[in-house]
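Read the structure below first, then the notes.
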Amino acid sequence: MDVSSDLEKTPLHELNISLGARMVPFAGYEMPVQFPAGVMKEHLQTRVAAGLFDVSHMGQIIVRPKSGIGADAARALETVVPVDVLGLAEGRQRYAVFTNDEGGILDDLMITNLGDHFFVVVNAACKNADFAHLQKHIGDSCHLSLLTDRALIALQGPRAEAVLAELWADISAMRFMDVRACDLHDADCIVSRSGYTGEDGFEISIPSELAEGVCRRLLDHPDVLPIGLGARDSLRLEAGLCLYGNDIDIGTTPVEAALEWAIQKARRSGGDRAGGFPGADIILSQLENGAHRRRVGLKPMGRAPVRAGAVLASDIEGEDVVGTVTSGGFGPSLDAPVAMGYVSMSASAPGTQLYAGVRGKFLPVTVATLPFVPNTFKR
Amino acid sequence: MLKFTEEHEWLKIEDGVATVGITTHAAEQLGDLVFVELPEVGATFTKGGDAATVESVKAASDVYSPLDGEVLEVNQSIVDDPSLVNSDPQGAGWFFKLKLANPADANALLDETAYKELVG
């Protein structure tokens, strides 16, 4: 396994190594793919107790309006995302996508209203492009800074609240997608009740130099295990959540990706601030008329995992191709393989029987409702 | 006689028949296995041919035929419980038995010392 020295390291690199992580290159970073417990145990630990993830490779961007008026930053952000940012209350977070003129997705992200400024979290592989994109489109009205001095961790799972409450008592008052700036043992943190595992949990932005100390305190708790990228991927797949670069990219629109829920009424046709984002004509038209294909869940009927890239056909000979798998693997919580992919609308109804090409054979899969594992968010 | 390939298979050779599996090192690298696909009994392979597939939660990997030969027997218990490969890769987690076409070819494979040097 080559982990070359030109890869970047997160502020938690030494901690990850000391915990026995197997490190791999990921999005330009040297990241833990698994810890000694292994992917299966790490996954199940997150579903029944709590898992701690180093997600410091992701981009953290501050968007500060030059006018000093928070609403001006919200208006600026609405020119690059099809999301209601102006209606996002202070202390609240919302999922969004950057779109291009063709309606394709440049990245997916989280937007947080922190009053006089906004806090945006983007994917590691896209962060420099995202920053340039923001600079180009809203740089006139907003000061932008890509934070390089902060770690980002996620504490996920049904015990996350209790564990974090021992460090910071007020945490239990937060609801899903609430965000608070807070001191966690004198570390100036931004805590959001969110994550990407389908479990209740928190993401915490921490000054780099204090991150290891906060993590060690969390890991001292008997309910918490460190979790690597392997389990992170199987958890988000069971939760039916898109992985940028696999399930969504510049070739997919939010409607094709079944992300309509991320486009609030205010931005749709007839809404107070309809359109005004890149690709609006295409995306608003698809919202009204539907797209030709759609992201769906797929349940392989046997034990064999069906991986990304597998062709989907309506017949067992594989002649009538209706789509492609974009994410696939094994779901430890279900003890069964799970997958997601794009299929033509005619093949998208739950229960539709399809066949996935795996090593020269076509194996039966059933179109399934997402998520595979129900989420446990505290709304 | 215990032999190894650079592709991380082990072979225990007795009377011209090789019991084949993946090494402890390979099992550790792959992580928790969730699916194993074995060859048909009677299938013939040349050295390096795709003989079996193992899948972890995250990825699929091929297991190659270490030498030329015909499959005499496969280990159904690892199909029923792939975790057996993780818990006992060089014992109960064997994959298949291969009747070697040319048993002498095994001399060119790695011995245990050479394999241990390879994987560090």
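As the structure is a computational prediction, the values presented were derived from the model and not from experiment.
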Contacts with chain B made by residues 357-375 of chain A (heavy-atom distance under 4.5 Å), listed by residue number: Arg359(A), Lys361(A)

Heavy-atom count around Met301(A) CE within 6.0 Å, excluding the residue itself: above 12? no

Are there over 12 heavy-atom neighbours, none belonging to Gln76(B), within less than 6.0 Å of that residue's CD? yes

Val34(B) side chain reached by Met40(A) side chain, heavy atoms, under 4.5 Å: yes

Heavy-atom count check: over 12 atoms from other residues, nucleotides or ligands less than 6.0 Å from Glu14(A) CD? no

Expected contact set for residues 225-233 of chain A against chain B at heavy-atom separation under 4.5 Å reads Gly230(A), Asp233(A)

Please classify the contact of Pro332(A) with chain B as side chain, backbone, both or neither, using a heavy-atom distance under 4.5 Å. side chain

Give a yes or no on whether Asp80(B) atom CG has more than 12 heavy-atom contacts from other residues, nucleotides or ligands under 6.0 Å away. yes

Output the residues of residues 83-93 of chain B for which the shortest heavy-atom distance to chain A is under 4.5 Å, in residue-number order; output 'none' if no such residue exists. none

Report the option among Gly38(A), Ala304(A), Ala308(A) that has the most heavy-atom pairs separated by less than 4.5 Å from atoms of chain B. Ala304(A)

In terms of heavy-atom proximity below 4.5 Å to chain B, should Arg303(A) be classed as side chain, backbone, both, or neither? both

Applying a criterion of heavy atom separation less than 4.5 Å, what residues of residues 48-56 of chain B form contacts with chain A? Thr53(B), Glu55(B), Ser56(B)

